[in-house]
Amino acid sequence: PYIKACYSILYVLTPEETRAELMILKTAQEMKRRIKLWSHTDGFKTPGTGKDAGKMVSIGDAKDVDPVIALLQLRDSPKTDKISDIIVMRDLHMFLGSPTQPNAKPVRLLRDISTLFKKSGDTLIIISPIKKIPAELERDITVIELELPNREEIQTIFASLYTPQAKKFIGEITPDEQERTIQAAMGLTFGEADNAFAKAFVEYGGFDKEKKALEPVSKLVLREKAIAVKKSGILEYFEPKQTSNDIGGLENLKSWLKIRSKAFTKKAREFGLPPIKGILLAGPPGTGKSLSAKVASHILGLPLLRFDIGKVFGGLVGQSEAGMRTAIQTAEMIGSCVLFMDEIDKAFAGMGSSHSTDGGTTQRVFGQFLTFMNDKTVPCFIIATVNQIAGLPPELLRKGRFDEIFFVGLPTAKEREQIFKVHLRLNKQIVDDSSALFQECIKLSKGFSGAEIEAVVISAMYQAFDQDRVVSVADLVDAVKITNPLSRSKAAELKGMIEWAKANAVNASKPDPEEETDSGTGFASAGRQLQF
Ligand code: ADP
């Protein structure tokens, strides 16, 4: 539509160069317009005719590979007929300089061309995976983003591969399984979806011949997606194995999630339940926030998509926003998932101060994130975690942003007992957990986080292994005694967080009245209690 609307310079933002070119080629044919393709290695090319039909043939000469010469040609060669041209340029973004330091000659030439093409009806299309437009050009260029393929397009790719021959090789795939397979490829680019299907078909066929248990095609496609998504560096897709039994305590959080586990069904939508946004888990490190996200994925029956927001800021200025955009787009296409954003305080805390040094990039990325949270139409459930509250932008914590903010504090006595038992079981250790010494151990470990309790269990195992015997409760007690928990070394920080939580968050744990009377630390009582 943009070509038809006679925009003179378009900037197509996409990692899928070939797909964009094919789309443009098709449009050009439909509109009976001449098309030229330029790249920094081959200069100008055009689709061949006659015996060269179906191929691209070179036009112009070797000097055209120089972007300035190429642009000069576009500007200065006189037209001999009335057919308007579409010129597609790859690689050009690399010669424009940066938004703040433009490259004078190409920028000047593009501005001239913009004016000229407006009159002639020609169109110049720049294809680039990253957005890098000098401020001088912003008014002359229209940016469009090539979206990831939608369900229909993915279905077409699937159909084009699931041919009668393929059917013969891999056998019938039931309509239900076809649906799941197509859903599994959502969020992939055209090329990736094509590859994922092809590879899944080959593996599926192979399994069949060896008469091994068949894995559903959709599972194989999901595995391919996991690999493809990971390549982006920002998202990671997996199906965690942890269940409710692997987490000690945090009963309030677990009940909250269980009640919402049906919220993602069609029935819930028909009932009129509002879409779920997500939750924020705040608390000191090692208290099981990440673990909760994995367990949530299990409780809600949704796969986990880990969104590494720290990596968004790895690259150059400008690329952060592009990275964020791609990641959000992919998450939206994947749809049903738990979107797990760990330690977002690392990215967004102290935004005020970094503002001056990064040209507002953090601020803009944060804006993108908030917009996504507000506007997302897909059932993807955000679980964000923070280790500290100080310095977080208030917009993030505002009422209504998240469905709930949970404070995940240090475990109560009951919870510590459960966490000890979880890690003893996971590590296949049996100790006398009905002994008085075990109770003593739980008391002594007051102020320990779940991660610290796990470390105690491991350290007791080393001790016992070294002395060639089984682990005893005494080993656990020894390990507890020599540990200096974070709550002791960072007491002041913790206290601040607890104060904040009392006013602003819901406690992820059920309170433990015994614990509250035996000391005044207030860990157990922080946070409002949950009301269902
Ligand atoms: P956080 O994200 O809060 O920093 P993690 O979830 O990464 O903490 O915790 C690290 C590890 O500590 C977990 O993988 C788990 O083995 C252990 N752990 C922490 N809290 C709990 C808990 N409540 N129950 C069982 N294990 C826990």
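Every number for a ligand or one of its atoms is a count from 1 in the order of the listing. All heavy atoms count here, side chains included; hydrogens, waters and symmetry mates do not.
- Salt bridge status for K495 with E499: absent, with no side-chain N to carboxylate O gap under 4.0 Å.
- Between E417 and K414, none of the side-chain N atoms (NZ, or NE/NH1/NH2) sits under 4.0 Å from a carboxylate O, so this pair counts as no salt bridge.
- Taking a cutoff of 4.0 Å between a charged side-chain nitrogen and a carboxylate oxygen, K346 and D308 do not qualify as a salt bridge.
- With I247 as the partner, the side chain to side chain contact (heavy atoms under 4.5 Å, CB included) test is satisfied by one option alone out of L250, T243, N245: L250.
- Look at R425 and D246 and you find a salt bridge, because one of the NZ, NE, NH1 or NH2 atoms lies within 4.0 Å of a carboxylate O, short of that distance.
- Sorted by chain and number, the residues within 4.0 Å of ligand 1 by heavy atom are D246, I247, G248, P285, G286, T287, G288, K289, S290, L291, I419, H423, G450, A451, E454.
- Salt bridge annotation for E452-R416: absent, with no cationic side-chain nitrogen under 4.0 angstrom from a carboxylate oxygen.
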